[in-house]
Amino acid sequence: VQLQASGGGLVQAGDSLRLSCAASGRTFSSGVMAWFRQAPGKEREFVANIERSSGQPYYADSVKGRFAISRDVAKNMVYLQMDSLKPEDTAVYYCAATRSLMTSDKGYYEFWGQGTLVTVSS
């Protein structure tokens with residue numbers, strides 16, 4: 001499975017941005033898709049994930065109520081709608097996929113995209 005993330009950019013605090021992740025290759029109909037992020041000098045952290053079959057989402061507390069993850073199974077796409085962005089949301093955002101169950105542990109994700117940079121200015 002190959003993952004291609006896009007949609008990052010430079011925005012101001014309070015703005016919105018939508019990230020996209022395209023999956024290709026030997027994709028799977030079940031499993032979980034997720035977004036992680038890594039700020040400079042920090043560990044990669046979980047943002048949100050979604051079960052491919054049911055569409056059930058789960059969010060990190062830091063983004064709950066501001067971000068929304070969705071998927072288009074037919075197009076093999078996953079999206080992350082980010083609203084009310086804050087400077088602390090600045091990071092490289094990665095999409096990831098796993099055949100395992102819903103988890104926020106990055107160690108369980110077998111497939112990773114290359115990342116897209118989101119910069120939020122104050």
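Index from 1, following the sequence.
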Carboxylate-amine/guanidinium proximity below 4.0 Å for K86 and D89: no
Give a yes or no answer on whether the side chain of [X] reaches the backbone of [Y] with a donor-acceptor pair at less than 3.5 Å.
X	Y	value
Q114	A5	yes
T98	Y108	yes
R71	R52	yes
Y94	Q38	no
T116	S6	no

Can you tell me how far the [atom1] atom of [X] sits from the [atom2] atom of [Y], to the nearest 0.5 Å?
X	Y	atom1	atom2	value
M77	S24	CE	OG	10.5 Å
L80	L17	CG	CG	9.0 Å
L85	S122	CG	OG	13.0 Å
S20	Q81	OG	CD	9.5 Å
R44	K106	CZ	NZ	8.0 Å

ILVMFWY network linking F46 to V92, side-chain heavy atoms under 4.5 angstrom: yes
Run the numbers on V78 and C95 for side-chain contact (heavy atoms from CB on, under 4.5 Å), then give the verdict. CA-CA 8 Å; V78 176; C95 62; 6.0 Å; no
Compare every heavy atom of [Y] with every heavy atom of [X], then report the nearest pair and how far apart it is.
X	Y	answer
S16	S84	OG-N, 4.3 Å
M33	A97	SD-CB, 3.4 Å
S62	R37	OG-NH2, 3.6 Å

Within-4.5 Å side-chain heavy-atom neighbours: L19 and W35: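 Touching, per the 4.5 Å side-chain cut-off.
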Can you confirm whether I69 sits close enough to Y59 that some side-chain heavy atom of one is under 4.5 Å from a side-chain heavy atom of the other?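 Contact flag for I69/Y59 side chains = yes.
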Decide side-chain contact (heavy atoms from CB on, under 4.5 Å) for V118 and M82; before the verdict, give the C-alpha distance in whole Å, the side-chain angles of both, and the deciding distance to 0.1 Å. CA-CA 10 Å; V118 174; M82 305 185 293; 3.9 Å; yes
Taking the six-membered ring for Trp, are F67 and Y93 parallel (under 30°), tilted (30 to 60°) or perpendicular (over 60°)?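 Ring orientation of F67 relative to Y93: tilted.
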Should the ring pair W112 and F36 be called parallel, tilted or perpendicular, given that the plane angle runs from 0 to 90° and is split at 30 and 60?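 Tilted, since the angle between the ring planes falls between 30° and 60°.
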Verdict with reasoning, T103 to Y109, per side-chain contact (heavy atoms from CB on, under 4.5 Å): CA-CA 9 Å; T103 176; Y109 286 83; 3.8 Å; yes
Check whether Y79 forms a cation-pi arrangement with R18 (NZ or CZ under 6.0 Å from the six-membered ring centre, at most 45° off the ring normal). yes
